[in-house]
Student: 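Mind having a look at this structure? Questions to follow.
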Amino acid sequence: MDVAYVESVLRLVEAVPPGCVTTYGDLAEMVGRGGPRQVGSVLARHGSGVPWWRVIRADGRPTDALAERALRRLADEGVPVRAGRVPLASARWRPGPESLPDRLL
DNA sequence: TCCGTGACTTTAT
DNA sequence: CATAAAGCCACGG
């Protein structure tokens, strides 16, 4: 896993605005390389410095080990949470061309 | 090479 | 709507 890839992922996560969420799969697609699991891998090792709680799974739930912490922070910043799950249909972040870090390297 | 592992996803029950 | 099974991708032993 090279540095360029890691930085691309971290930059995107940093670009997710408060009150919104995104998924591992979406990030993978934006980066254009690797898959959801690779994105998860990056956050697991180097995600301490970015808003990791805004990255959740495709089913709207944060990864199991971090569910408590993530859901509380999300709720704190106004993200709707129902039954331990975020309604992606409404809270999912859809970056406009100018909000994207773009030139990802 | 083969195999297990993981901050995952999709499809089928 | 909840679960299970299979698929997927990169890494390391």
Side-chain angles (χ1 to χ4, degrees):
Chain A
M1 162 160 342
D2 61 286
V3 185
Y5 182 71
V6 171
E7 297 212 326
S8 301
V9 172
L10 296 183
R11 290 244 260 165
L12 278 175
V13 175
E14 282 170 351
V16 181
C20 295
V21 297
T22 189
T23 71
Y24 297 94
D26 285 355
L27 290 175
E29 212 174 286
M30 296 179 220
V31 171
R33 183 143 67 98
R37 308 191 73 131
Q38 279 50 245
V39 171
S41 207
V42 169
L43 270 89
R45 300 178 210 177
H46 318 92
S48 47
V50 299
W52 51 265
W53 56 92
R54 302 193 188 126
V55 184
I56 62 183
R57 300 187 311 219
D59 64 1
R61 284 199 56 100
T63 193
D64 301 332
L66 299 163
E68 295 305 309
R69 283 191 293 167
L71 290 174
R72 211 196 67 187
R73 304 197 76 160
L74 288 174
D76 282 349
E77 58 183 51
V79 175
V81 176
R82 296 191 314 247
R85 180 145 42 106
V86 174
L88 284 175
S90 64
R92 182 178 230 154
W93 176 56
R94 294 180 186 67
E98 63 288 334
S99 54
L100 272 173
D102 242 83
R103 43 212 180 300
L104 298 162
L105 297 203

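For the numbers below, each heavy atom of this structure counts, side chains included, while hydrogens, waters and symmetry mates do not. Every value quoted in this text rests on a predicted model; they were computed, and no experiment measured them. In what follows, chains carry the letters A, B, and so on, assigned in the order in which the sequence lines appear, proteins first and then strands, with residues in each chain numbered from 1.
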Student: Give, for atom CD of A/Glu7 and atom CG of A/Asp2, the distance between the pair rounded to the nearest 0.5 Å.
Tutor: 10.0 Å
Student: Answer yes or no: is there a donor N or O on one side and an acceptor on the other, between the side chain of A/Arg73 and the main chain of A/Trp53, under 3.5 Å?
Tutor: no
Student: Can you tell me if A/Arg45 and A/Ser41 form a side-chain donor-acceptor pair at under 3.5 Å?
Tutor: yes
Student: Hey, can you pull the residues of residues 35-68 of chain A with a non-hydrogen atom under 4.0 angstrom from DNA chain C?
Tutor: A/Arg37, A/Gln38
Student: How far, in whole Å, is B/dT1 from C/dG12 if one measures between their C1' atoms?
Tutor: 13 Å
Student: Can you measure from CE (A/Met30) to OG (A/Ser8) and round to the nearest 0.5 angstrom?
Tutor: 12.5 Å
Student: Begin from the C-alpha positions of A/Thr23 and A/Trp93 and carry the test side chain to side chain contact (heavy atoms under 4.5 Å, CB included) through to its verdict.
Tutor: CA-CA 9 Å; A/Thr23 71; A/Trp93 176 56; over 6 Å; no
Student: Please report the distance, rounded to the nearest Å, between CG in A/Leu71 and C1' in B/dA7.
Tutor: 14 Å
Student: Mind calculating the distance between OH (A/Tyr24) and P (C/dC9) to the nearest angstrom?
Tutor: 19 Å
Student: Using atom types as modelled and distance alone, determine if a side-chain donor or acceptor of A/Arg61 lies under 3.5 Å from a backbone N or O of A/Ala67.
Tutor: no
Student: Rounded to whole angstrom units, what separation is found between the CZ atom of A/Arg85 and the C1' atom of C/dT3?
Tutor: 13 Å
